[in-house]
Amino acid sequence: MTSNWDQRLWDTIAAVPPGRVASYGQIAAMAGLARGARRTAAALRNAPDELALPWYRILRADGRIAFEPGSAAFERQCALLMAEGVELRAGRVDLGRYRWRGNDSPLLD
DNA sequence: GTCTTGACTAAGC
DNA sequence: GGCTTAGCCAAGA
């Protein structure tokens with residue numbers, strides 16, 4: 001068994017509640033990896049569809065989508081986020097409002 | 001064993 | 001706001 005990180009990261013990602021987002025580094029830190037942002041990305045690549053992970057709730061540290069604007073994945077992620085009530089401005093999310101803090105506190109508006 | 005790679009991040013210009 | 005550079009660290013080749 002080389003990497004149980006994938007499973008751990010998947011678990012952490014699955015814990016992100018709807019309408020909330022998290023950064024790669026944040027997910028990694030919660031899973032126990034201090035600088036595992038890239039490992040989080042790898043875990044998402046490795047993640048089978050059967051898990052139905054909320055991969056679209058994972059953003060870059062800036063709150064921007066990791067994909068290139070215009071790409072299929074980008075648009076898919078945009079749509080999924082908006083469907084959950086996340087406000088997107090030019091492919092960017094306001095982390096100050098939507099970042100998941102590990103608890104399920106409601107958004108203040 | 002080394003070298004490259006990456007759905008990243010922070011700092012600097 | 002943008003682009004560049006360096007740092008990071010685990011996985012694969």
Side-chain angles (χ1 to χ4, degrees):
Chain A
M1 181 43 80
T2 53
S3 65
N4 45 339
W5 290 122
D6 282 5
Q7 181 60 59
R8 210 137 174 216
L9 290 163
W10 295 340
D11 194 51
T12 305
I13 292 163
V16 180
R20 293 301 194 83
V21 298
S23 70
Y24 292 88
Q26 186 185 349
I27 292 295
M30 285 176 174
L33 269 165
R35 276 67 168 243
R38 292 177 125 129
R39 211 25 275 151
T40 303
L44 280 172
R45 270 187 85 104
N46 288 325
D49 289 356
E50 292 81 60
L51 293 179
L53 286 178
W55 58 272
Y56 49 87
R57 297 188 192 134
I58 311 305
L59 307 167
R60 288 199 175 181
D62 306 11
R64 258 188 303 171
I65 290 177
F67 300 107
E68 255 191 272
S71 65
F74 179 94
E75 306 236 324
R76 193 150 46 244
Q77 185 165 11
C78 260
L80 287 163
L81 285 173
M82 286 188 292
E84 293 191 340
V86 177
E87 214 177 312
L88 276 142
R89 277 174 52 157
R92 187 163 39 143
V93 172
D94 188 345
L95 285 181
R97 278 170 45 128
Y98 296 104
R99 183 151 61 90
W100 179 45
R101 284 145 201 210
N103 51 318
D104 44 49
S105 60
L107 298 173
L108 330 129
D109 194 3

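Heavy-atom basis, side chains included; hydrogens, waters and symmetry copies ignored. Predicted model only: the values in this text are computed from it and were never measured. Here is how names work: the chains are called A, B, and so on, in the same order as the sequence lines, proteins then strands, and each is numbered from 1.
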According to side-chain contact (heavy atoms from CB on, under 4.5 Å), who are the partners of A:A37, at least two apart in sequence or on a separate chain? A:Y24
Can you measure A:L9 atom CG to B:dG6 atom C1' for me and round it to whole angstrom units? 14 Å
Distance in angstrom units between A:R35 CZ and C:dA6 C1', rounded: 14 Å
Using only atom types and a distance under 3.5 Å, with no angle test, would you say the side chain of A:Q26 pairs donor to acceptor with the backbone of A:W100? yes
Quick one: what's the B/S/- string for nucleotides 7-13 of chain B, heavy-atom cutoff under 4.0 Å, read 5' to 3'? BBSS---
Hey, does the side chain of A:E84 reach the backbone of A:P17 with a donor-acceptor pair shorter than 3.5 angstrom? no
For C:dA10, the Watson-Crick or wobble counterpart (both distances under 3.5 Å): B:dT5
Interatomic spacing from CZ in A:R39 to CG in A:L44 - rounded to 0.5 Å: 10.0 Å
For A:R64 and for A:L33, find the nucleotide of DNA chain C with the closest heavy atom, then tell me which residue's nucleotide is more 5'. A:R64
Here the pair of heavy atoms bringing A:Q77 nearest to A:I58 is NE2-O, 3.1 Å
Given 3.5 Å as the limit, does a donor-acceptor pair link the side chain of A:R57 with the main chain of A:V16, or not? yes
